[in-house]
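Here's the structure, in structure tokens; my notes come after.
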Amino acid sequence: MSESQSGPGGADLTQGVAIDTLADGQMIGGHVGDDAVLLARRGGDFFAIGATCTHYNGPLAEGLLVDDTVRCPWHHACFSLRTGEALHAPAIAPVACWATEVRDGKVYVKEKVEREPRRRVTPARDAPGKIVIVGGGAAGFAAAEMLRRERYDGSIVMLSDDAAPPVDRPNLSKDYLAGTAPEEWVPLRDENWYAEQDIDLRLNTSVKALDLAAGNVALSDGNTIAYDRLLLATGAEPVRLPLPGMDLPHVHTLRTLADSRAIIAQATSAKRAVVMGASFIGLEVAASLRTRGVEVHVVAPDKRPMERVLGAAFGDFIRALHEEHGVIFHLEQTATAIERERVTLANGSTLDAGLVVVGVGVRPRLQLAQAAGLAIDRGVRVDEYLQASAPNVYAAGDIARWPDPHSGAAIRVEHWVVAERQGQIAALNMLGARQRFDAVPFFWSQHYDVPINYVGHAESWDDIAVDGDIAKRDCAVRYVKNGRVLAVASIYRDVESLQAEVEMEREVA
């Protein structure tokens with residue numbers, strides 16, 4: 001979110017653009033008054049929509065046109081050229097639309113217009129009257145929002161054991177933790193929005209059990225809530241190491257807004273932090289704390305950071321990048337104990353630490369699903385429609401293991417964008433859409449000023465093809481198995497990342 005907003009630069013589109021300068025499939029950025037506007041051509045049709053992505057303000061004109069949509073170069077949000085609707089997360093809010101007029105060899109952008117998004121689901125006579133969502137994260141929020149966007153007028157109850165309404169969780173380890181984004185950017189919507197949308201959001205609410213036969217959810221306070229459709233989006237929880245001292249007040253994991261606030265508070269007085277784990281979350285925390293001026297030591301059993309996900313060359317680059325910013329690595333090491341002012345390592349050495357952050361991964365919260373008798377396979381097993389093994393029950397987000405048509409395997413991933421997109425598809429299917437979840441997995445990570453985009457899913461590979469130079473921060477790295485590209489990681493190759501996503505989509509279309 002630290003990226004600057006696209007300003008209203010470029011041509012004044014009200015003055016007209018020569019048609020012969022805008023070929024079919026091309027787009028340009030310009031402005032109408034103070035509004036940044038994107039003008040795009042598809043065949044003989046011309047579309048004008050807001051040029052700034054509603055997710056993190058990415059410049060849509062630098063993205064990619066795909067059919068009658070435009071995709072954001074930063075985090076792969078997708079907008080309709082016809083209606084401005086945000087079709088695919090991570091963007092939720094639409095962009096504005098303007099009328100266009102072709103006259104005397106030019107296309108002119110006229111007044112702003114309101115366009116209704118198309119409905120994806122035909123209202124059915126047997127539409128559910130009551131939908132319950134268990135979970136207040138990305139998938140649960142996206143599902144509730146999509147239900148109301150589809151003009152579903154039944155009851156929506158959203159149960160969250162968190163104290164805060166749904167938040168933009170990626171920000172908790174990135175800009176917000178670094179101090180470069182204010183807290184008002186963190187909520188996905190303010191609390192008034194839920195009341196306005198007639199979504200019964202219940203915070204600090206613990207679910208005790210699911211009665212799938214009776215169709216109700218039992219709460220820890222003794223109350224029950226009946227449902228016609230149930231979405232399980234219970235997410236994941238940080239892994240806690242079995243170490244002495246894990247419960248000390250200066251030791252933290254990071255999952256919630258409260259966790260991020262606690263780390264920020266501790267960082268104001270701590271001179272040195274020890275981060276356990278060289279995963280994405282651990283190293284994003286390391287980068288954020290360095291931005292705040294805290295000395296950071298990273299302890300991890302790995303030979304190099306993130307080698308398992310990105311390979312050796314990328315791992316070496318990430319280590320060098322962090323070392324450039326002063327991070328000190330203690331690799332092929334583990335901690336054996338945490339004390340009030342220090343951490344003891346397995347080799348007997350100690351590190352002073354006024355702050356400890358444990359970022360060694362998460363585990364899916366499967367207890368409710370398992371106790372209810374749903375099929376479990378290292379996650380809640382769902383079909384291509386995200387339906388679980390019981391009627392009227394769906395699962396989405398970090399807990400869902402689904403048949404991925406791109407990799408040809410059942411997979412479970414812990415990506416923010418995947419969780420949101422699954423929540424959206426689950427919402428449509430709870431209304432009867434029968435829409436397959438076939439989105440290509442995508443995530444992004446931010447380390448200082450270096451963004452890493454990753455599209456696809458490769459648990460293993462037999463070849464890595466590097467186009468460009470990883471060390472020069474200009475590359476697209478392809479992970480290949482049996483001659484097929486399973487995933488692409490990139491730095492400052494935004495359009496290439498989008499093109500890779502489209503190619504993967506078309507392989508299974």
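For clarity, every value in this text was computed on a predicted model and none was experimentally measured.
- In this structure a side-chain-to-backbone donor-acceptor pair under 3.5 Å is present from D469 to K472.
- Listed by first then second residue, pairs satisfying ring pair (Phe, Tyr, Trp, His ring centres under 6.0 Å) with a partner in residues 250-282 read F280-F443, not counting sequence neighbours.
- Nearest approach of I399 to A233, heavy atoms of both residues: CD1-N, 4.4 Å.
- Aromatic ring pairs are classed by plane angle as parallel below 30°, tilted from 30° to 60° and perpendicular above 60°; the pair Y56 and H75 is perpendicular.
- Side-chain atoms of D352 never come within 3.5 Å of backbone atoms of R342 as a donor-acceptor pair (strictly under, hydrogens ignored).
- Between K481 and D462 there is no salt bridge, since none of the side-chain N atoms of the basic residue sits less than 4.0 Å from a carboxylate O of the acidic one.
- Scored by the side chain to side chain donor-acceptor pair (under 3.5 Å) test, R493 finds D467, D474, E496 as partners (sequence neighbours excluded).
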Pair E295-R290, salt bridge (charged side-chain N to carboxylate O under 4.0 Å, His left out): steps then yes or no = CA-CA 6 Å; E295 181 182 330; R290 287 299 299 135; over 6 Å; no

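- Side-chain contact between M276 and T334: absent, with no pair of heavy atoms (C-beta onward) separated by less than 4.5 Å.
- With a 4.5 Å cut-off on side-chain heavy atoms, L331 and R319 count as touching.
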Would you please test V417 and H76 for side-chain contact (heavy atoms from CB on, under 4.5 Å) and show each step?
-> CA-CA 9 Å; V417 174; H76 293 212; over 6 Å; no

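- Scanning for side chain to side chain contact (heavy atoms under 4.5 Å, CB included) contacts around Y194 gives F141, P165, P166, R189, I199, L201, with sequence neighbours left out.
- Under the ring pair (Phe, Tyr, Trp, His ring centres under 6.0 Å) criterion, F437 pairs with W402, not counting sequence neighbours.
- Taking 4.5 Å as the limit, some side-chain heavy atom of V217 sits within range of a side-chain heavy atom of L230.
- Contact record, S490 with S497: OG-CB, 3.6 Å, taken as the closest heavy-atom pair.
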Distance-only donor-acceptor hits, side chain of residues 240-249, under 3.5 Å, sequence neighbours excluded:
residue, atom, partner, partner atom, Å
R240, NH2, M246, O, 3.1
R240, NH2, D247, OD1, 3.0

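- Without hydrogens or angle criteria, T291 side chain to L289 main chain gives no donor-acceptor distance under 3.5 Å.
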side-chain contact (heavy atoms from CB on, under 4.5 Å) evaluation trace for L254 with I263 = CA-CA 8 Å; L254 177 54; I263 295 170; 4.1 Å; yes

Could you walk me through whether D302 and R304 pass salt bridge (charged side-chain N to carboxylate O under 4.0 Å, His left out), step by step?
-> CA-CA 5 Å; D302 317 278; R304 50 175 59 87; over 6 Å; no

Under 3.5 Å, which donor-acceptor pairs do the side chains of residues 353-377 form with other protein atoms, sequence neighbours left out?
residue, atom, partner, partner atom, Å
R365, NH1, D161, OD2, 3.3
R365, NH2, D161, OD2, 2.6

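- Electrostatic pairing of R255 and D398 counts as a salt bridge here, judged by a charged N lying under 4.0 Å from a carboxylate O.
- For the pair L283/M306, a side-chain contact is recorded, criterion being any heavy-atom separation below 4.5 Å from C-beta on.
- Panel note: side chain S349, backbone L345; no donor-acceptor pair is recorded below 3.5 Å.
- Under the 3.5 Å distance criterion, the side-chain polar atoms of R292 are matched with a main-chain donor or acceptor of L177.
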Assess whether side-chain hydrogen bond (donor to acceptor under 3.5 Å, both in side chains) is satisfied between Y176 and E183, documenting all intermediate values.
-> CA-CA 7 Å; Y176 175 65; E183 188 162 311; 2.5 Å; yes

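- We find the NE2-OG distance between H88 and S80 to be 10.5 Å, quoted to the nearest 0.5 Å.
- Counting all heavy atoms, side chain and backbone alike, L386 lies closest to A426 at CD1-N, 3.9 Å.
- The CD1 atom of I318 sits 5.5 Å away from atom NE2 of H447, with the distance rounded to the nearest 0.5 Å.
- Within the 4.5 Å cutoff, no side-chain heavy atoms of I131 are placed close to those of L231.
- Counting heavy atoms from C-beta outward, V477 and I470 have side chains that approach closer than 4.5 Å.
- With hydrogens and angles ignored, the 3.5 Å screen pairs a side-chain donor or acceptor of D190 with a backbone N or O of W193.
- With contacts defined as side-chain heavy-atom distances shorter than 4.5 Å, the pair V298/V296 qualifies.
- A distance of 4.0 Å separates CZ of R149 from CD of E145, quoted to the nearest 0.5 Å.
- Counting only N and O atoms by type, the side chains of H406 and E507 include no donor and acceptor under 3.5 Å apart.
- Aromatic ring centres of W416 and H55: separated by at least 6.0 Å.
- Remark: the E324 side chain and the H322 side chain contain no N/O donor-acceptor pair separated by less than 3.5 Å.
- In this structure, the separation between CG on L159 and OG1 on T234 is 12.0 Å, given to the nearest 0.5 Å.
- Taking the charged nitrogens against the carboxylate oxygens, E307 and K303 have no contact shorter than 4.0 Å, which rules out a salt bridge.
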Take R401 and D383 through the salt bridge (charged side-chain N to carboxylate O under 4.0 Å, His left out) test and state the conclusion after the steps.
-> CA-CA 9 Å; R401 180 172 291 275; D383 63 15; over 6 Å; no

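- Legend: ring pair (Phe, Tyr, Trp, His ring centres under 6.0 Å) pairs involving residues 351-376, not counting sequence neighbours: none detected.
- Residues forming a ring pair (Phe, Tyr, Trp, His ring centres under 6.0 Å) with F317 (at least two apart in sequence, or on another chain): none.
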Please report the C-alpha distance between E323 and H325 in whole Å, then the side-chain angles of each, then the deciding distance to 0.1 Å, and finally whether the side-chain hydrogen bond (donor to acceptor under 3.5 Å, both in side chains) criterion is met.
-> CA-CA 5 Å; E323 288 178 334; H325 288 82; over 6 Å; no

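- Listed by chain and number, the residues in a side chain to side chain contact (heavy atoms under 4.5 Å, CB included) with V502 are L64, V66, R71, E505, R506 (sequence neighbours excluded).
- Taking 4.5 Å as the limit, every side-chain heavy atom of V488 sits out of range of all side-chain heavy atoms of Y479.
- In summary, D200 and R202 engage in a salt bridge, as defined by a charged side-chain N under 4.0 Å from a carboxylate O.
- The backbone N or O of A265 sits less than 3.5 Å from a side-chain atom of T268, completing a donor-acceptor pair.
- Residues passing the side chain to side chain contact (heavy atoms under 4.5 Å, CB included) test with A409 are S407, I411, sequence neighbours excluded.
- The CD atom of E284 lies 10.0 Å from the CG atom of D175; values are rounded to the nearest 0.5 Å.
- Under the side chain to side chain contact (heavy atoms under 4.5 Å, CB included) criterion, T54 pairs with F79, A91, A93, V95, not counting sequence neighbours.
- The stretch residues 327-377 participates, sequence neighbours left out, in these ring pair (Phe, Tyr, Trp, His ring centres under 6.0 Å) pairs: H297-H330.
- Checked by atom type and distance alone, the side chain of R421 pairs as donor or acceptor with a backbone atom of A89 at under 3.5 Å.
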